[in-house]
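To find a chain, count down the sequence lines: A is the first, B the second, and so on, and within it residues start at 1.
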Amino acid sequence: MEIDFTHHQSAHCENGVVSNLMKHNGFTVSEPMVFGIGSGLLYCYIPFLMVNHAPAITYRAMPGAIFNRFAKRVGVKFKREKFKNAKAAKARLDANLERDNPVGLQVGVYNLTYFPDEYRFHFNAHNLVVYGKQDDIYLISDPVMETVTTLTAKELEKVRFAKGAFAPKGHMYYPIAFPKELKLEKAIVKAIKHTCRDMLAPVPYVGVKGVKTVAGLIRKWPEKKGTKTANHYLGQIVRMQEEIGTGGGGFRYIYAAFLQEASKQLGNEKLLELSSEMTQIGDLWRDFAVDASRIYRNRSTKVVIDVYDDVATQLEMIANKEEAFFKKLKKAV
Amino acid sequence: MKKSDVPQDESNLASTNLRELCYAVDENGDYTTEHTTGWDPKTIALSNAIEEIKERVATAKAKVRANETSPIEYYMELHKMDLPVLASYVGAWKWCVKRHFKPSVFKKLSSKMLQKYADTFDITIEELQHIDT
């Protein structure tokens with residue numbers, strides 16, 4: 001069977017699935033809106049977590065957080081289920097498709113056969129929508145893909161029960177109750193305050209202070225770890241900032257798009273101004289990526305130490321700008 | 001970023017005709033989305049990461065041939081895994097998996113344990129024991 005489901009491509013999977021499921025149920029919510037109301041913007045350095053043999057740095061809230069906060073703030077109730085047993089997971093999925101209910105699934109990326117090989121890493125917090133089934137083939141709407149795609153039952157089971165950090169355990173979710181009317185104003189204000197609080201948190205690993213900490217680390221890496229490792233780490237930072245899903249500039253552009261939309265919703269001119277300021281900050285992150293890539297471009301180990309200082313200084317400048325920005329944003333709502 | 005400035009560099013995405021979505025502002029300063037085929041700074045970062053993995057695989061292979069480690073480590077690298085991920089797939093402690101890297105321990109592994117590794121890597125036990133076949 002095939003459910004009449006409209007696929008919209010998005011930059012990021014989690015926003016995309018929420019936005020697509022909302023649209024399916026007759027509520028038009030854009031991707032930036034989901035991202036903003038879910039307080040998706042963040043900067044966090046997680047020193048004890050290594051991803052691809054480099055320290056983890058994230059530009060967004062924990063997987064699932066955007067989703068939870070959005071649902072809570074706009075008053076949509078989601079049903080979520082996890083499974084121990086793959087058979088039970090499949091049965092529940094089929095039952096939902098049977099009654100024309102497209103569901104969101106959390107999956108691991110490594111076995112997603114329709115992704116280019118180079119992008120298949122062990123990352124378990126990817127999201128997609130299943131909107132139908134033909135014999136043994138499931139119809140998939142993966143929000144980061146341009147068009148819809150398919151997975152066999154076996155492939156789907158594999159990605160639903162991927163192992164490692166954030167193991168999905170067959171995680172399946174779908175909206176069950178909606179408010180009569182979508183009231184976004186309060187949710188927007190609450191979400192913006194939350195993001196400001198996160199970004200200005202007095203913790204060395206989070207938000208603006210986290211950016212400064214990482215800048216300090218970049219200065220130390222070449223001496224402490226050798227330039228080869230330092231280059232590898234720097235490459236990983238840029239990948240986490242720009243790889244599939246961030247919409248460019250480590251989510252800063254999506255956030256600027258959200259602020260622009262929010263300014264119209266709230267009739268707040270100040271937010272429009274801040275949106276263009278956020279765009280400029282996004283441009284600075286892009287510049288940082290360009291300069292960092294000049295360092296790791298040739299994988300040679302002979303690199304002048306000064307260049308690391310330069311990109312670190314650039315990061316510190318971005319941190320200062322963001323600090324000023326979020327202080328202003330806090331006052332604007 | 002302006003819509004017209006969204007980079008359209010060549011990248012690994014081309015192999016599957018995949019284009020990413022980027023957020024950018026149009027002439028009127030309004031936010032919109034634009035497809036991108038890739039951007040050099042991240043293409044370089046990605047291909048460096050792939051190179052890194054290839055090197056790790058080659059090193060592991062050499063170590064298996066020199067009888068310094070077991071084929072498990074080679075297959076782990078080949079599948080872009082690290083110790084925590086592999087341990088989680090076979091349902092064993094990290095230190096146990098690490099112990100299985102020892103060729104002497106690997107030889108004595110039960111067929112049940114070997115099967116778990118084989119299933120994880122999607123190969124037969126025979127292939128697990130002989131990396132060149």
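Summarising the geometry of B/Ser88 relative to A/Gly164, their closest heavy-atom pair is OG-N, 2.8 Å, with the distance given to 0.1 Å. In plain terms, the two heavy atoms of A/Gly245 and B/Glu20 that are nearest each other are N-OE1, 3.9 Å. Heavy atoms only, all atoms of each residue included: A/Tyr110 and B/Lys80 are closest at CE1-CD, 4.2 Å. Taking all atoms of both residues into account, the shortest heavy-atom contact from A/Gly247 to B/Cys22 is O-SG, 3.7 Å. Scanning all heavy atoms of the two residues, the minimum distance from B/Ala45 to A/Arg239 falls at CB-CG, 3.5 Å.
When the shell of 6.0 Å around NZ of A/Lys23 is examined, it contains more than 12 heavy atoms from other residues, nucleotides or ligands. Counting non-hydrogen atoms of other residues, nucleotides and ligands closer than 6.0 Å to NZ of A/Lys82 gives a total above 12. More than 12 heavy atoms of other residues, nucleotides or ligands shown are found within 6.0 angstrom of CZ on A/Arg120.
Taking 4.5 Å as the limit, some side-chain heavy atom of A/Tyr253 sits within range of a side-chain heavy atom of B/Tyr31. A heavy-atom distance below 4.5 Å is found between the side chains of A/His232 and B/Glu52.
Highest contact tally toward chain A, considering only B/Leu86, B/Asp30, B/Thr120, is held by B/Asp30 [criterion: heavy-atom pairs under 4.5 Å]. Chosen from A/Met145, A/Gln9, A/Gln280, the residue pairing most often with chain B at heavy-atom distances under 4.5 Å is A/Gln9. Contact count against chain B (heavy-atom pairs under 4.5 Å) is highest for A/His122 among A/His12, A/His122, A/Glu242, A/Met50. Listed options B/Val25, B/Leu46, B/Ile53, B/Thr36 were ranked by heavy-atom pairs under 4.5 angstrom with chain A; first place goes to B/Leu46. Counting heavy-atom pairs closer than 4.5 Å to chain B, the top residue among A/Ala11, A/Ala257, A/Gly248 is A/Ala257. With chain A as partner, the option from B/Met81, B/Lys42, B/His35, B/Met1 having the largest number of non-hydrogen pairs under 4.5 angstrom is B/Met1. Considering only heavy-atom pairs separated by less than 4.5 Å from chain B, the leading option among A/Val238, A/Thr246, A/Ile254 is A/Ile254. Ranked by heavy-atom pairs shorter than 4.5 Å toward chain A, the options B/Val85, B/Asp40, B/Thr32 are led by B/Val85.
Residue A/Ala54 does not touch chain B at all, counting heavy-atom pairs closer than 4.5 Å. At a 4.5 Å heavy-atom cutoff, the contact between A/Val144 and chain B is made by backbone atoms alone. When heavy atoms are compared at a cutoff of 4.5 Å, B/His79 approaches chain A by way of both its backbone and its side chain. Residue contact with chain B, scored on non-hydrogen atoms closer than 4.5 Å, is absent for A/Arg294. Neither the backbone nor the side chain of A/Asn52 comes within contact range of chain B; no heavy atom of the residue lies under 4.5 Å from a heavy atom of that chain. Interface residue A/Ala256: backbone and side-chain heavy atoms are both found under 4.5 Å from chain B.
The distance from the OG1 atom of B/Thr33 to the CD atom of A/Glu31 is 9.0 Å, given to the nearest 0.5 Å. A distance of 10.5 Å separates OG1 of A/Thr149 from CG of B/Leu18, quoted to the nearest 0.5 Å. Going from atom CD of A/Glu118 over to atom CD1 of B/Ile50 covers 5.5 Å, rounded to the nearest 0.5 Å. Atom-to-atom distance recorded for B/Asn48:CG and A/Arg297:CZ is 10.0 Å, nearest 0.5 angstrom. Atom OG1 of A/Thr279 sits about 10.5 Å away from atom NZ of B/Lys2, to the nearest 0.5 Å.
The pair A/Arg286-B/Asp5 does not meet the salt-bridge criterion, since no charged nitrogen lies less than 4.0 angstrom from a carboxylate oxygen.
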